[in-house]
Amino acid sequence: MTANGGALLEITDLGVSFTTDEGMVRAVDGVSLAVHPGRTLGIVGESGSGKSVATKAVIRLLPANARIDGGSRILLRRAEGEIDIARLPAGGRELRRLRGGDIGMIFQEPMASFSPVYTIGNQMIEAILAHRDHLDRRLGRRFDRRAARDHAIRMLERVGMSNARLRIDQYPHELSGGMRQRAMIALALSTHPSLLIADEPTTALDVTIQAQILDLMLELQRELGMAMLFITHDMGVIARIAEEVAVMYLGRIVERGPTREVIRDPAHPYTRGLLAALPRVETSRRRLTPVPGDIPSPLQRPAGCPFHTRCPRRMPGLCDREVPADTALDARRSVACHLFGGRAS
Amino acid sequence: MTAAPLVEIRDLAVHFGVRGKRLLQKAVGHLRAVDGVTLTIRRGETLGLVGESGSGKTTLGRAILRALPVTGGEIRFHLDGESVDLLALEGRELRRFRRHMQLVFQDPYASLDPRMTVRDIIAEPLEAPGHLRRKREVDERVREIAARCRLNLEFLRRFPHAFSGGQRQRIGIARALVADPEFVVCDEAVSALDVSIQADILNLLMDLQQELGTTYLFITHDLSVVAQISDRVAVLYLGRLMELGPTREIFARPFHPYTRALLSAIPRVEPEHGFDPIQLRGEIPDPAHPPRGCRFSTRCPFVRERCREEVPAFREIAGDHFAACHFAEELAG
């Protein structure tokens, strides 16, 4: 993870805390990662892992009680130069231009992207026109209202919507769940973002529809050459969509590497536990191997390694005291675990 | 070899009235949420019930518990050598019968009353007619089932909001099992839980079944979970059974094109499984306007003329393995 020269997005030492009535919640604690052009980084984690918060920080869509650490850096490299998103003024023009322009977003719930009171087409056309300059740079053409409508129809057709010419004038609630998800993808991609952030985009969908949407996303990625940051709790979905995976637990990345290798030969005891706990289609009526204990409350983060309270291989006196540092296993894999020698530097 | 039937369901139908778009408009049609399901649930087994949105799986589960009005058909329970016609029971008789059947919900957060202590939540089903009356007996029974569900007995005096998702689901399971029911419907019982916790709850359900001999109808959209916990699997699509058979058979040799598509769409973690889902055309049809003929005909990759005209019979294709497809043998061959 050293040669990040070509990275489109480079996050260094990201920390996010929330002030709540019950105290301070440290949701993301020192996360560093890089996303490369045209490639997909998957982030997998359970409740409280901070995967969603970390990615919301990238587009600065955090609630008002959240604070990004002063030392965090979120670098986005564009043709016009490099910007640190962590330093952009909240609610400013630059952030607005970034969201839905260079960075597209899709969520589990499509109604988070659409307003219920405007037609799908209206919202797509507004988005295209709002990011006219960005599109000019990416495609070398200037959109007027009519061209924007044609472009929106083409995008809706592209995501497999039949009768796009009619559907474009429908309201979001008139579409089925799968169609709404497609419309949201069309909306996010209509501005040709260089980075797409997808937060559990298929979790609420039926499995046959999920398969269609995943295929569609891979196809569009190839076609448009965009990078993806794909967040999910589902290892199977990660295996399908991401070349590289980062496993998060209680706000930290505990392991990362090429997806196939991490799944075939997980290093961190948490990754091992997570894979062993998965029900498999191949075996029936088998006892499963759960990860012992509960995920600790974010209000009571364990000291030392966040996983030590549940780890079958914890070393008393070390794991409960010192936070393990990221240790390289080879050129592309790393793990944050004392079993692999990771001492905090 | 097969166990005795506990619940026999014949031609079960649950239809809902569909209102028009305008306010106060009279019913304009019927949503056939469950439309002629025939199914036997065997004593001591776990029958997995899978289906996507609109399949009617939750409605079917609730109908078997008489938690919603049934339009037609028959449900028989076989208990202590007697055959009980569930749909004929009314009033006090029905309330007395309810102790034989229970429900475990999906969302342990929503299904527990926040103002009751864990002890009172678990004890609630014992208040139904025909149960323990004395407080000491109730306490003893609650402690016994809580221990079986591996709940810390200290927790009994607390309120549910203090607990994690996994603990809350243990409370929900203890509550369902406290009155020693023969039959439990688990409706997406582990779907809201994290993977590392879900495995623990699935193990608990399997252990309790071994100890208590309970029969489960396990409803879920998650096919890997169903593969793990079920002895047999029933596949529902738009209110009708598409396939039913032993779990291993269903997953190794599915007869119905819908089952095959469903299984091929599971994203697997094993790298040796290439992901090549059978692409189904279009969307799941509106259950208020199901297709004529075979309900799956609008999306089936192997559809032929006959499928659009004639409803396929639900028939035994191989030993104990049923499917509703005109061309099951041919397509499986």
Side-chain angles (χ1 to χ4, degrees), chain A residues 44-49 160 162 175-179 182 202 204-212 214-215 218 232-241 249 259-261 263-264 270 273-297 310, chain B residues 46 48 50-55 163-167 190 193-204 206-207 221-231 233 246-248 250-252 258 261-271 273 275-280 282-284 286 299:
Chain A
V44 69
E46 300 182 287
S47 318
S49 65
S162 50
L175 303 179
S176 71
M179 278 301 151
R182 284 164 200 262
T202 60
L205 299 176
D206 284 312
V207 53
T208 56
I209 309 294
Q210 166 172 281
Q212 291 174 358
L214 290 179
D215 267 357
L218 285 171
T232 177
H233 69 285
D234 189 330
M235 260 310 182
V237 170
I238 285 282
R240 171 74 186 125
I241 198 126
Y249 185 79
T259 309
R260 277 171 167 253
E261 290 174 38
I263 287 174
R264 195 185 315 125
Y270 174 63
L274 203 57
L275 286 164
L278 279 182
R280 310 260 171 150
V281 166
E282 288 68 30
T283 51
S284 66
R285 297 297 286 182
R286 174 180 67 99
R287 273 188 74 81
L288 291 158
T289 317
V291 180
D294 262 329
I295 300 169
S297 153
R310 303 172 75 194
Chain B
T46 299
V50 299
E52 299 182 283
S53 318
S55 64
F163 297 105
S164 66
Q167 299 286 9
V190 297
L193 301 174
D194 281 310
V195 171
S196 70
I197 308 297
Q198 170 184 294
D200 197 29
I201 299 294
L202 287 174
N203 281 346
L204 176 68
M206 289 192 273
D207 292 347
H221 70 284
D222 188 327
L223 293 144
S224 315
V225 166
V226 110
Q228 202 61 244
I229 196 162
S230 311
D231 299 297
V233 176
T247 306
R248 265 176 234 275
I250 293 270
F251 281 87
Y258 176 60
L262 207 54
L263 297 181
S264 77
I266 309 173
R268 315 270 190 100
V269 292
E270 298 84 0
H273 280 283
F275 187 69
D276 190 17
I278 299 172
Q279 291 290 355
L280 296 181
E283 301 276 295
I284 301 171
D286 178 358
R299 297 173 79 206

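Per chain, numbering begins at 1; letters A, B, ... match sequence-line order. Because only heavy atoms are used, hydrogens play no part in the values below, and waters and symmetry mates are left out as well, while side chains stay in.
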- Message: How long is the straight-line distance from CZ of A:R264 back to CG of A:L275, given to the nearest 0.5 Å?
- Response: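 Those atoms lie 12.5 Å apart.
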Exercise for the section: Mind checking the CD1-OG1 spacing from A:I209 to A:T202? Nearest 0.5 Å is all I need. Expected result: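 Interatomic distance, A:I209 CD1 to A:T202 OG1, rounded to 0.5 Å: 11.5 Å.
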Given heavy-atom pairs under 4.5 angstrom as the criterion, report whether the side chain, backbone, both or neither of [X] touches chain A.
{"X": "B:L202", "result": "side chain"}
{"X": "B:S230", "result": "backbone"}
{"X": "B:E52", "result": "both"}
{"X": "B:S53", "result": "both"}

Q.
Are more than 12 heavy atoms, taken from residues, nucleotides or ligands other than A:R280, located less than 6.0 Å from that residue's CZ atom?
A.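 More than 12 heavy atoms, drawn from other residues, nucleotides or ligands, come within 6.0 Å of this atom.
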task = Please identify each residue that fulfils side-chain contact (heavy atoms from CB on, under 4.5 Å) with A:A239, with sequence neighbours left out.
result =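 A:I263.
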Check: In terms of heavy-atom pairs under 4.5 Å with chain A, which of B:L263, B:L223, B:L280 leads?
Finding: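 Max contact count across the listed options: B:L280.
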So which of A:T259, A:L274, A:L278 has the largest heavy-atom pair count under 4.5 angstrom toward chain B?
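Top count of heavy-atom pairs under 4.5 Å with chain B: A:L278.
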Report task. Considering only heavy atoms and a distance below 4.5 Å, find which of A:M235, A:Q212, A:R310, A:Q210 pairs most often with chain B. Result ->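 Most heavy-atom pairs within the cutoff with chain B belong to A:Q212.
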Between B:N203 and B:M206, is a side chain to side chain contact (heavy atoms under 4.5 Å, CB included) present by the stated rule, with each step listed? CA-CA 5 Å; B:N203 281 346; B:M206 289 192 273; 3.8 Å; yes
